[in-house]
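What follows is a single structure, written as structure tokens, with notes after it.
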Amino acid sequence: MTELPRHLPRRLLGPAFAATLALASMNAHAQTAPSPSDWDGVLEAARGQTVYFHAWGGEPRINDFIAWAGEKLEQRHGVTVEQVKVDDTANVVSRIVAEKAAGKDTGGAVDLVWINGENFAALKDAGLLMSPDWATRLPNWKLVDTRNKPAVLTDFTEPTEGLESPWGMAKLVFMHDTARVAEPPRSLADLASYVSDHPGSFTYPQPPNFHGSTFLKQVLADTIDDPDKLKRPVDPATFEDDVAPLFAFLDKLHPNLWRQGRAFPQNQPAMRQLLADGEVDIAFTFNPSGASAAIAAGELPDTVRTFVFEGGTIGNAHFVAIPYNANAKAGALVLANFLISPEAQARKQDPQVWGDPTVLDVASLSEDERARFETLDLGPATLSPEDLGPVIDEPHASWMTGIERAWVARYGTR
């Protein structure tokens, strides 16, 4: 394994990041922005704006949902939404950093970005997010369930401090085709045993793909000697010892993976297709309704069901943020607010649309708003909240970056 850098998020942002981050941290300042406390003023300023929403573009259902949201904003507020489809949010962060280094403190190319984890931490640390606190002053913030879903207030242990707005919940669930696997493995050890007995039956996306890295974090949480360490930044002095059980597990697992661990699917949809084609028996998703949504779309057979490990699986919230130099800040606020409306959240949770769980406190909504959720058919493969089991909190963002680097160094050159 290679030596762990002290400033882990910088790895994602390109070779020029170390120099530009220091400049940004010293010089970044908040452009005068519309205040969510004056919502009528925000709506007036937003009319006629185009919001360039940089969001992962690898899932057609998500792209369709964003397009629908854009249609609603155009109709109701005269705001145009253009999704800029990205495959790696780190590239968006690099663009914001580069704009700051070039002195482009207004008129930035990114108005809203779908973000979490180390990318949020990097932008927050550099002072490159719109401030002060705007998310908790959105009109629909009062509907967000901060009591039962504390993940909406922290991002990979980093307090959000109102610098990003949650718009979905996530939890790792595994998928199996009951036509081939009647009783799935219920622990990491059982998964390893199953794969040993059925070589080629499992794989995971290649890190640093987010889903692949999430599997690594699941293994790390299950194998590290002291799980409390994951709540804190990585200690470079003990990192190799801390992750040794993770890589010992992977070293034994890889020879029994699909293609003997010599190749990996590039993303979650590619892994899902392997399950659909019968090339693997078990796959996973970070969306509890993801399998039901794929069944509804004809992407998986209707015999697929989901399961979780008895000890719990990784879970978090995902967010949108506004860069400090966004060109359409008012429009970005209007879009962020709409994304946490009961209308948008219920549509997003419908497996026929996306299947992404809500961040709202449904019980506190009005009767009509509750009905949007209560009448949803969550699909045949969606576990109940009780069956989803315990949530394992995301490790500090530095762990994700560290294990990605170590994984690439160990396996990436094969």
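No experiment lies behind these values; they were computed from the predicted model shown. Side chains are part of it too, since the values below use all heavy atoms of this structure and drop only hydrogens, waters and symmetry mates.
By the 4.5 Å heavy-atom criterion applied to side chains, Q218 and I392 are counted as neighbours. In this structure, the side chains of I295 and P380 come closer than 4.5 Å at one or more pairs of heavy atoms. Within the 4.5 Å cutoff, the side chain of L129 has no heavy atoms near those of the Y324 side chain. A 4.5 Å side-chain heavy-atom check between R262 and L257 finds every atom pair outside the cut-off. Considering only heavy atoms from C-beta on, W56 stays 4.5 Å or farther from F210 through its side chain. Residues F53 and V320 meet the side-chain proximity criterion, which asks for heavy atoms closer than 4.5 Å. Side-chain contact check for P357 versus P288: some heavy-atom pair is nearer than 4.5 Å. Inter-residue side-chain proximity for L246 and I403 is flagged as met; some heavy-atom pair is nearer than 4.5 Å.
Within 6.0 Å of NZ in K142 there are more than 12 heavy atoms belonging to other residues, nucleotides or ligands. Within 6.0 Å of the OH atom in Y52, the count of heavy atoms belonging to other residues, nucleotides or ligands does not exceed 12. In this structure, E374 places its CD atom where more than 12 heavy-atom neighbours from other residues, nucleotides or ligands lie under 6.0 Å away.
K104 places no side-chain N or O within 3.5 Å of a backbone atom of A109 that could act as its donor or acceptor partner. A donor-acceptor contact shorter than 3.5 Å links the side chain of Q345 to the backbone of V359. In this structure, S341 contributes its side chain and F338 its backbone to a donor-acceptor pair below 3.5 Å. In this structure a side-chain-to-backbone donor-acceptor pair under 3.5 Å is missing from K329 to P34. Side-chain N or O atoms of D111 include one that pairs as donor or acceptor with a backbone N or O of A328 at under 3.5 Å. In terms of modelled atom types and a separation under 3.5 Å, the side chain of R180 and the main chain of V280 share a donor-acceptor contact. Within the 3.5 Å criterion, the main-chain N or O of Q352 finds a donor-acceptor partner in the side chain of D350. Proximity of a side-chain donor or acceptor of S289 to a complementary backbone N or O of D356 within less than 3.5 Å is not detected. Checked by atom type and distance alone, the side chain of Q49 never pairs as donor or acceptor with a backbone atom of V79 at under 3.5 Å.
For H176, the ring pair (Phe, Tyr, Trp, His ring centres under 6.0 Å) test picks out F307, with sequence neighbours left out. With sequence neighbours left out, the ring pair (Phe, Tyr, Trp, His ring centres under 6.0 Å) criterion links H318 to W114, W167. Considering only residues two or more places apart in sequence or on other chains, F65 meets the ring pair (Phe, Tyr, Trp, His ring centres under 6.0 Å) condition with W68, W354. Legend: residues meeting ring pair (Phe, Tyr, Trp, His ring centres under 6.0 Å) with F215, ordered by chain and number and at least two apart, are F202, Y204, F284. Looking at residues two or more places apart in sequence or on another chain, you find a side chain to side chain donor-acceptor pair (under 3.5 Å) between T136 and D133.
Sorted by first and then second residue, the ring-ring contact (aromatic ring centres under 6.0 Å, His included) pairs with a member in residues 131-166 form an empty list; sequence neighbours excluded.
Here the OG-NZ distance, from S131 to K124, works out to 11.5 Å after rounding to the nearest 0.5 Å.
Two rings, from F309 and F174, have their centers less than 6.0 Å apart.
Of the charged side-chain nitrogens involved, none lies within less than 4.0 Å of a carboxylate oxygen, so that D226 and K229 do not count as a salt-bridged pair. The pair D361-R147 fails the salt-bridge criterion, with no side-chain N (NZ, NE, NH1 or NH2) lying under 4.0 Å from an Asp/Glu carboxylate O. Contact check on R61 versus D64 returns no salt bridge, with no Lys/Arg side-chain nitrogen under 4.0 Å from an Asp/Glu carboxylate oxygen.
With hydrogens and angles left out, the side-chain atoms of Y194 and N256 include no donor and acceptor closer than 3.5 Å. No hydrogens or angles considered: a donor-acceptor pair under 3.5 Å links the side chains of S292 and T382.
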Test side chain to side chain contact (heavy atoms under 4.5 Å, CB included) on T313 and V391; report intermediate values, then the result. CA-CA 6 Å; T313 54; V391 174; over 6 Å; no
Note to self: Working note: R305 + D177, criterion salt bridge (charged side-chain N to carboxylate O under 4.0 Å, His left out); need CA distance, chi angles, decisive distance, verdict.
What the structure shows: CA-CA 6 Å; R305 295 295 183 269; D177 189 339; over 6 Å; no
Practice task
Could you check D145 against L360 for side chain to side chain contact (heavy atoms under 4.5 Å, CB included), going step by step and ending with a plain yes or no?
Solution key: CA-CA 5 Å; D145 190 353; L360 302 186; 5.9 Å; no
Tell me, with the steps shown, if H396 and K231 meet side chain to side chain contact (heavy atoms under 4.5 Å, CB included).
-> CA-CA 6 Å; H396 185 273; K231 301 175 184 178; over 6 Å; no
Worked check of salt bridge (charged side-chain N to carboxylate O under 4.0 Å, His left out) between R76 and E343 = CA-CA 14 Å; R76 297 174 187 178; E343 177 185 7; 2.8 Å; yes
I282 and V195: side chain to side chain contact (heavy atoms under 4.5 Å, CB included), yes or no, with the steps? CA-CA 9 Å; I282 297 169; V195 176; 5.9 Å; no
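Residue L230 comes nearest to T157 through the heavy atom pair O-CG2, 4.5 Å, listed as atom of the first residue, atom of the second, then distance. Counting all heavy atoms, side chain and backbone alike, V362 lies closest to T358 at CG2-CG2, 4.0 Å.
Between F264 and W407, the ring-plane angle classifies as perpendicular under the 30° and 60° cut-offs.
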